[in-house]
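Below is one structure, written out as structure tokens; the observations come after it.
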Amino acid sequence: MPVDYLPEGCVKECRGCGHRLMTMQESLIQKKTFLQKKLSAWSDLIEDVRSAPATGRLGYRDKVNLVMRWNGTNWETGTLNRDVLIPIPRCPVHKIYVNEAIRLFHSVLPRYTEIEAVRYVQTAKQIAIVVKSRDLPGTGWLTNAFAERLASIGIEGVWLHLFPSSGKKVFGKGCWHLIWGKEASQDESGLWYGPAAFQQLLPVLAGEALDTALAFLKPDANSAVIDMYCGTGSGLKKWTQAGAKTLGTEISAEALRMAAMNAPLAETLTGTCRQRLPQMEKWLNAIEDGFTRLLYVNPPRTGLEDGIAEWIAGFMKPIRMAYLSCSAGTLGRDLSILCKSGYSVDRIIPFDFFPQTIHVECLVLLKRN
Ligand SMILES: C[S@@+](CC[C@H](N)C(=O)[O-])C[C@H]1O[C@@H](n2cnc3c(N)ncnc32)[C@H](O)[C@@H]1O
């Protein structure tokens, strides 16, 4: 039976959680059915969706990216519904300290004419306010008393990110100003992250996905692992701890600064994976014969860039690869190329990293034929 009431604090007009009126069971079945359609060629291999326990399906989110507007009297923060801002001050999927931090900012930020704030981005203990301006606004509102309130709820860093042409994109290039606290924080497992880092929600489930990839790839001192779209290096840490020679590629310089602390033994390349193919080839060519080539990829929604799947199958030829995907559409496209060029899918394991929403991620394990 569908749920016929919204969780407390949930705003009807908000379109953030497309499954909020479904039971957990209905939502997981719907996600699996969706994947079976999108990945019909491998439908038999799709396992049941791994999820957080029922008690962890609300209050789990401490990474948010919300729109901010000055309504003439107050600040409001929320999601957009056809360009209209829907304030969500008590959103039940947010962790309580996220809603509290937003409330604190509303209470101290001066009016829009003094700070042109357009987005509120929280990555756990790091908060960034995106300002649609070239000039750094005054920060007199950031008093010691306010900083103490933030610290008391666990916040460790506050940034202003100047982005004069802010629109659909969340962040522009450069212009990050740390206005209070420290530049980076550590998560439950000790991994460092900054204000713009990609981070999975539900650390236990994310850990399960990475450990499943680790158990399949089996990196050791005789392996060479490439980790494309490596982010802050949660994977790099696993592969290097297993003794493998490891190379990560990532576009974000901030993420790679964190990766250097999280996995100091890994080598990294800054840039898009497509731009860095020559350097990845050079790295592979320099490794002695007899090393097992392994690959881990975790691209954004757009999937592997043009030419990457062909390069994997035609040049790198890893014996095993694990692909963690957040878009079944681009995953299907990439798997088609890989499966026509010498790879077969061993398992497809869906993960419910975003309970209540329509999103579902998949870990695909592939072997070279
Ligand atoms: C889904 S996240 C994966 C991050 C990492 N595997 C983790 O779990 O922390 C995708 C990452 O790809 C990076 N990225 C986006 N486009 C890229 C590209 N064309 N080349 C390399 N990295 C890219 C993003 O900055 C982000 O860190």
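Keep in mind the model is a prediction, meaning the values are calculated, not measured. Counting convention: from 1, in listed order, for ligands and their atoms alike.
Using a cutoff of 4.0 Å between basic side-chain nitrogens and carboxylate oxygens, Asp211 and Lys238 are scored as salt-bridged. Here Arg50 does not pair with Asp352 in a salt bridge; the nearest charged N to carboxylate O distance is not below 4.0 Å.
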Hey, what polar pairs (N/O, under 3.5 Å) does ligand 1 make with protein?
from	atom 1	to	atom 2	distance (Å)
ligand 1	6 (N)	Tyr229	O	3.2
ligand 1	6 (N)	Asn298	OD1	2.9
ligand 1	8 (O)	Asn298	OD1	3.4
ligand 1	19 (N)	Glu305	OE1	3.4
ligand 1	19 (N)	Glu305	OE2	3.4
ligand 1	20 (N)	Cys273	N	3.1
ligand 1	22 (N)	Ile251	N	3.2
ligand 1	25 (O)	Glu250	OE2	2.6
ligand 1	27 (O)	Glu250	OE1	2.8
ligand 1	27 (O)	Glu250	OE2	3.3

Give every donor-acceptor pair under 3.5 Å between a side-chain atom in residues 102-117 and any protein atom, sequence neighbours left out.
from	atom 1	to	atom 2	distance (Å)
Arg103	NE	Glu100	OE1	3.1
Arg103	NH2	Glu100	OE2	3.0
His106	NE2	Thr77	OG1	2.7
Ser107	OG	Leu104	O	2.6

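Partners of Phe354 by ring pair (Phe, Tyr, Trp, His ring centres under 6.0 Å), not counting sequence neighbours, listed by chain and number: His359.
Between Trp180 and Phe146, a ring centre-to-centre spacing not shorter than 6.0 Å is recorded.
Listed by chain and number, the hydrophobic cluster partners of Val204 come to none, as no ILVMFWY side chain reaches under 4.5 Å of it.
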